[in-house]
Amino acid sequence: MEKLYDFKEIEKKWQESWRASRIYEPNLDKPRKPFYNLMMFPYPSAEGLHVGNVYAFTGSDAYGRYQRMRGNDVFEPIGLDGFGIHSENYALKIGAHPIEQAERTEENFYRQLRAIGNGFAWDARVETYDPEYYRWTQWLFLQLFKRGLAERKKAAVNWCPSCKTVLADEQAEGGECERCGTQVVKKELEQWFFKITDYADRLLDGLQGIDWSERVKIAQRNWIGKSEGALLEFPTGQFSIKVFTTRPDTILGATYIVLAPEHPLIENQELRIKNQGEIKNYVEAAKRKTEQERLVEGKVKTGVELKGITAINPATGTEIPIWVADYVLAGYGTGAIMAVPAHDERDRAFAETFDLPISDAELLPAREVLRKTHGLRKTHYHLRDWLISRQRYWGPPIPIVYCDACGTVPVPEKDLPIKLPYIKDFRPTGTNESPLAADASFYKTTCPRCGHEARRETDVSDTFLDSAWYFLRYPDAHNGAEPFSKKRMKKWLPVNMYIGGAEHSVLHLLYARFITKVLHDAGHLRFDEPFTKFRAHGLIIKDGAKMSKSKGNVINPDEYVALYGADALRLYLMFLAPLEDGGDFRDSGMRGMAKFLNRVWQMFSRDAVSGSETEKLVHQAVKKVSEDIEALKFNTAISQLMILLNAFEKNGSTRESRETFLKLLAPFAPHITEELWHMALRNEASIHTSAWPIYDARLAAGETVEIGVQVDGKLRATVTLAPNAPENDARAAALADERVRKYVPDPSADGRIARVIYVPGRIINVITKTQ
RNA sequence: GCCCUCGUGGCGGAAUGGCAGACGCGCCAGCUUUAGGAGCUGGUCCCGAAAGGGGUAGAGGUUCAAAUCCUCUCGAGGGCACCA
C-alpha cells in the first residue's frame, strides 16, 4: 500500500466508480425500504457553490449514507433552481443572457456537486428552467385556476424599484426586497394571486402532526398570524362601519372610530364630510409614504377627524367621532377599528395626541357584546394571498390568454409548455409590464376557446412556484415521464427527511405545503404534508460575519477540495458544531482533518493485532456515532471516532475493529473509507452498501466503570466498580478510599454518616451528619 | 413592543440534574541532520510549592448534587411588528 494518502487520485477514482456501478440510484419502482432524503436544491445566483452550500449538502448526505447502510433504499436527488429572479439578477449583473448563463453555471454547479462526493441519484435531476420541467409548473397554475384558487385582482402590492417587479408579501421582508434589499413601495395593480389564505387554518393545523424544527413551526404560526375576534357594526347616519376587534369585551371603552386612509368610505360623496379638502390632503400624504417611512415615524400618531359625521357605539348608544389615521392598516381586518384608549397602547397614544376622551369603562363578556350588538365571531389572519405575477423575463410564462370575446381563458393543458422565447432585450422595463410585452410574436395568439385574435399574459410566475413542487418531480423525472404517478408517489412520498435553510421558514416551506395541499385536494396526492421531518441547518459564517459577495468573504470550496480533498473538507465542516448550529469557517482546522485522515491511512499499514483491548470502546463508538447521526450531531460522532483512533494507535487494532471503524467513518469520508475497505480489507462490494454495525449494550457498558465519590457534595475521590454494583459494595469501596477517610475518618462510629446517595454508574455521595 | 433561541477556556465546542472543559484548533516545551505551514511525545481553566480552594454572563432560589431546573438582572442572535 502507498505510504501517503493520495486523495486526488482516490477521490476521482471512486466518484467515477460509484457512477458506473449506480450504487446511489435506487430502484424507484420496487424499493424494499424507500427513504427519501432531500436537501434544498441550490439556486444559481453566482458562478458556483460556496462553502455554505457544501456544508448543508454534506450534512444531508452523511445522514443519507447512514440510512443507506441501515438497509434503506435511499433516494437523494439533486437539481438546480435556476429559473427566476435570483439567476436573472446575476445574469444582469455580469451582462450575460440568462439562457447562456444557465448553461454555463449548470456545468459548474454539477461539477462541484460531484466533487464533494455526495451519494446523489443523478438520473433524477431536474432544472427548473427546462421546458419539460416548467410545463408542469404551468400545469400547476392551471390546476389552481380550475379550482378557483388563482385569481386576478387589483390590490395594493409590494413593488421593488430595483428589481422592477411586484413581490409577494413573504418576499418583502420588513419592507425590503428579499433579493436586493431595496425599500419596496406600494402600488395599486391588477395581478395574479394564489388564494393561500383559503388554506390558512389547514396550514396552521398541519404543523401539529409533523416533525419539524420548533423554531420553523413558530415562524410559520406567527406568519399565518391567526387572531380570533369579532366583527362589530358602528352605525352612522346613512351607513354603518364594520370593525374587527380581538377584544369585543372592551367595547364600553370605545370612544372613537378610526379608518385607514385607503378605506372606501372616505371617498364616498354621499357622506357629508365637511373638511373634505383636509381629508384628501392627509390621505394622499399617507399613501405616498413607503412602509419604511410609516415604520420610522413609529409612535408619532397623525390623523384627521371626519367633520360632520359621527358613529354610534352600539353598546352604549353614545355618539362618537370618526377619524382617519395611517396607524390603521387597510389590509388587515376591515380597515377600520373601534379605538379603546383605555386598553390599547396605540389608541391611547392617539387619544393623548388629539385630546380625545379616555373612558376607563368596565369589561363586558364577549358573548354578551355579540348578542347586544348583533356582532359576529370572526377570525382574521395575517397571511395574505400569494402574489405570483412577476414583471420579469426569466420565469415560466403564466398560461393565460385574454380574449375580447371570451375574457380570461386558461391555456389548454395539451398546449403546454408555453415556451419562454429567446428575446435579446430581457431587461426588466419598470413599466409594470414584463419584457415579454414587447415581443409581439410571443403575446399575439388566438383564443383557445373561440379562435379569434387574442393576447397572452406576458408576466411570468414567481420563482417560489418553481421550487414549491420540485420534490414531487424527482421520483418521475427520468426521461421526462409525467409527474405524480400514483405508484411512485406512494412509494416515495412524503419526504422522510428534509434539510435546508431556516431562511425559508415562511417562504419555500410554506408555499410547498400549500401546493401539496392543493394537489391533495385535487386528487393527485394521497398525503397533504410534503415533509414528514424537517431540520434547519445552521449558517456557515466567516470571521463572525455572514458570507456575502459585498463583504468579499465568500469561500469557494474548490480550493479546499484541491488542497486537502473532499473528505477532509466534509469532516472539517461536520466537526464544527451540531448541524443545526452552523459555524465559523477557519482554514486552520482543515489541516487538522487532513492529519486525521492521514493517520487513518497509516493505521492500515500496521499489522492488525489479535487481542481486543479496545472492544469496549468500539462498541461505545458504534452506539455514540449511531445516536449522534440520528440527532445530526456530527461533531460529537466524529470526536468519538478520533478517540477510537487514538486508542487504536496506542493499543493496536483488530481487523474487525478496523472494519467497524471504517463503516462508522464512511458517511463523513466516503472516499478514503471506500479505498481502504477495498484495498486494505479486500472487500468486493462497496462499503456504502454494507451493513451498519450493531453494538452490544453489555459490551459498550463494559465490566467496570469509574465513578466519582463525593463527601457532602464535594468530589474527593473516584472508585472503579461494576456498572450495576449494589449499594453496599459501592459504599464499602468509597469508604475504603484514603482520601474519603480523611473526611470520614471513622465511618463505623455511631451516626457519623447521615445518608448515602448512590446512583449506579454515576456517583456516590456520602452525607455526614455534621453537615 | 410581543414571541423564540442562546450566554461554558485564547478559539470551535463537549457535558442537558451526577467527576465541567471530551474531541479538535491554537499555543508552550521537548524529540527527530529538522531551514517545510512536515512528523512524534508531553503540557495547556484560574489561585496555590503542596494540601486545598475557586470557576460555566451576574444575583438569588430548589436539590444530597445545578453549566443543566425556577425567579430576576445584564448581554447576544433570530422571527413578527402601528395586525386592532
Side-chain angles (χ1 to χ4, degrees), chain A residues 173-175 213-227 229-230 243-248 250 254 258 260 291 294-295 297-301 325-329 331-340 343-347 349-350 380-384 502-503 505-506 539 571-572 575-578 580-593 595-596 598-599 602 633 635-646 649 706-718 739 742 754-768 771:
Chain A
E173 299 164 346
S213 308
E214 198 53 33
R215 61 190 165 129
V216 174
K217 285 191 181 184
I218 289 164
Q220 291 213 355
R221 276 190 204 110
N222 284 345
W223 185 258
I224 294 166
K226 184 175 186 170
S227 330
V243 304
F244 173 71
T245 176
T246 53
R247 296 290 308 275
T250 63
V258 188
E291 294 263 298
R294 285 201 192 183
L295 259 171
E297 285 165 21
K299 304 259 163 353
V300 185
K301 297 279 182 288
D326 66 3
Y327 83 93
V328 174
L329 306 175
Y332 191 80
T334 60
I337 61 157
M338 63 173 204
V340 187
H343 288 278
D344 185 284
E345 248 181 79
R346 297 151 302 176
D347 294 344
F350 189 80
H380 261 287
Y381 300 89
H382 167 250
L383 183 70
R384 313 285 171 83
E503 69 275 19
S505 299
V506 292
L539 233 48
L571 270 171
Y572 168 67
F575 187 63
L576 280 174
E580 296 184 67
D581 290 3
D584 200 345
F585 188 92
R586 285 159 206 271
D587 33 2
S588 62
M590 288 274 317
R591 278 199 299 279
M593 278 307 167
K595 194 166 91 181
F596 170 72
N598 259 314
R599 282 167 53 206
Q602 296 301 328
K633 294 186 171 178
N635 55 331
T636 44
I638 293 166
S639 92
Q640 195 64 32
L641 291 171
M642 290 172 166
I643 291 167
L644 194 54
L645 181 67
N646 290 344
E649 287 180 345
E706 195 177 74
I707 71 168
V709 181
Q710 296 179 336
V711 178
D712 296 325
K714 286 220 176 273
L715 185 78
R716 298 301 180 189
T718 58
R739 282 158 300 178
K742 218 168 129 184
R755 222 177 132 191
V756 173
I757 287 130
Y758 171 56
V759 183
R762 294 278 188 190
I763 201 113
I764 180 161
N765 191 2
V766 180
I767 314 299
T768 68
Q771 184 66 12

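Naming convention: chains lettered A, B, ... in sequence-line order (proteins, then strands); numbering from 1 in each chain. Because only heavy atoms are used, hydrogens play no part in the values below, and waters and symmetry mates are left out as well, while side chains stay in. Just so it is clear, the structure is predicted and the values come from calculations on it, not from any experiment.
- A/His380 has its ring centre less than 6.0 Å from the ring centre of A/Tyr332.
- A/Arg739 comes within contact range of no nucleotide atom at all, as no heavy-atom separation falls under 4.0 Å.
- B/G58 and B/G10 are spaced 14 Å apart, taking the P atom of each and rounding to whole Å.
- Between A/Val258 and A/Ile337 the shortest side-chain heavy-atom distance falls below 4.5 Å.
- Counting any heavy atom pair closer than 4.0 Å across all strands shown, A/Asn635 reaches sugar-phosphate atoms only and no base atom.
- For A/Thr636, counting side-chain heavy atoms from C-beta on, the closest listed nucleotide (B/A22, B/G24, B/C82) is B/A22.
- As rounded to the nearest Å, B/A67 and B/G54 have P atoms that lie 13 Å from one another.
- For A/Arg755, a side-chain nitrogen or oxygen approaches OP1 or OP2 of B/C64 to under 4.0 Å.
- Residue-level contact check: A/Gly333 touches neither bases nor backbone, having no heavy atom under 4.0 Å from any strand.
- Across every strand in view, B/G1 sits in a pair with B/C80 that passes the Watson-Crick or G-U test at under 3.5 angstrom.
- Atom NZ of A/Lys633 and atom C1' of B/A22 are 14 Å apart (whole Å).
- Comparing B/C19, B/A81, B/C23 by their nearest atom to the side chain of A/Ile643 picks out B/C23.
- Whole-Å rounding puts the A/Tyr572 OH to B/G13 C1' distance at 12 Å.
- Rounded to whole Å, the C1' atom of B/A15 lies 46 Å from the corresponding atom of B/U33.
- Between A/Phe585 and A/Leu576, the closest side-chain pair of non-hydrogen atoms is not below 4.5 Å.
- A/Ile337 comes within 4.0 angstrom of a nucleotide base, judged by non-hydrogen atoms across all strands.
- A/Ile767 places its CD1 atom 13 Å from the P atom of B/U63, with the value rounded to the nearest Å.
- Remark: B/C64 base-pairs with B/G18; criterion is Watson-Crick or G-U wobble with both hydrogen-bond distances under 3.5 Å.
- Comparing B/C74 with B/A20, their C1' atoms sit 24 Å apart, to the nearest whole Å.
- In this structure, CG of A/Leu383 is placed 14 Å from C1' of B/C80, rounded to the nearest angstrom.
- Counting only heavy atoms from C-beta outward, the side chains of A/Asn765 and A/Tyr758 never approach each other to under 4.5 Å.
- Here A/Leu576 lies in heavy-atom contact (under 4.0 Å) with sugar-phosphate atoms only.
- Look at CG on A/Asp712: it is 16 Å from C1' on B/G18, rounded to the nearest Å.
- A donor-acceptor pair under 3.5 Å links the side-chain atoms of A/Tyr572 to the main chain of A/Arg586, judged by distance alone.
- Of the P atoms belonging to B/G39 and B/G24, the separation is 14 Å, rounded to the nearest Å.
- A salt bridge does not link A/Glu580 with A/Arg215: none of the charged nitrogens is closer than 4.0 Å to a carboxylate oxygen.
- Taking the C1' atoms as reference points, B/G12 lies 13 Å from B/G21, given to the whole Å.
- A/Asn598 places its CG atom 9 Å from the P atom of B/C40, with the value rounded to the nearest Å.
- Contact annotation for A/Asp581: no contact, since no heavy-atom pair falls under 4.0 Å across all strands.
- Rounded to a whole angstrom, the distance from the C1' atom of B/U56 to that of B/A14 is 12 Å.
- Within the 4.5 Å cutoff, no side-chain heavy atoms of A/Val711 are placed close to those of A/Lys742.
- Among the atoms of the strands shown, none is found under 4.0 Å from any heavy atom of A/Gln640.
- For B/G9, the base is syn relative to its sugar; the glycosidic angle is within 90° of 0.
- A donor and an acceptor atom never sit less than 3.5 Å apart when one is taken from the side chain of A/Asn222 and the other from the base of B/C80.
- Across all strands shown, A/Lys217 has no heavy atoms under 4.0 Å from either base or sugar-phosphate atoms.
- Of the side-chain N and O atoms in A/His382, none sit less than 4.0 angstrom from OP1 or OP2 of B/C80.
- Here A/Glu214 lies out of heavy-atom contact (under 4.0 Å) with every strand.
- Remark: B/C31 base-pairs with B/G39. Criterion, Watson-Crick or G-U wobble with two distances under 3.5 Å.
- One P atom belongs to B/U41, the other to B/A57, and the distance between them is 35 Å to the nearest Å.
- For B/A84, the OP1/OP2 oxygens have a side-chain nitrogen or oxygen of A/Ser227 closer than 4.0 Å.
- The phosphate of B/G26 has OP1 or OP2 within less than 4.0 Å of a side-chain N or O from A/Arg591.
- Comparing A/Val759 and A/Arg215 by the nucleotide of RNA chain B whose heavy atom lies nearest to each, the residue mapping closer to the 5' end is A/Arg215.
- Using a 30° and 60° split on the angle between ring planes, A/Phe350 and A/Tyr327 fall in the tilted class, from 30° to 60°.
- Considering only the side chain of A/Phe575, B/C23 comes nearest among B/C23, B/C82, B/C19.
- A/Leu571 is not listed as a side-chain neighbour of A/Met590, based on a closest heavy-atom distance of 4.5 Å or more.
- Residue A/Val328 has its side chain nearest to B/A84 when only B/A84, B/G52, B/G18 are considered.
- Ranked by how close their nearest RNA chain B nucleotide is to the 5' end, A/Ile757 and A/Gly589 are led by A/Gly589.
- Per the geometry, NZ belonging to A/Lys226 stands 19 Å off P belonging to B/A81, to the nearest Å.
- A/Glu580 places its CD atom 17 Å from the P atom of B/U16, with the value rounded to the nearest Å.
- At the phosphate of B/C25, OP1 or OP2 sits under 4.0 Å from a side-chain N or O atom of A/Lys595.
- When the side-chain nitrogen and oxygen atoms of A/Lys714 are compared with OP1 and OP2 of B/C64, none of them lie within a distance under 4.0 Å.
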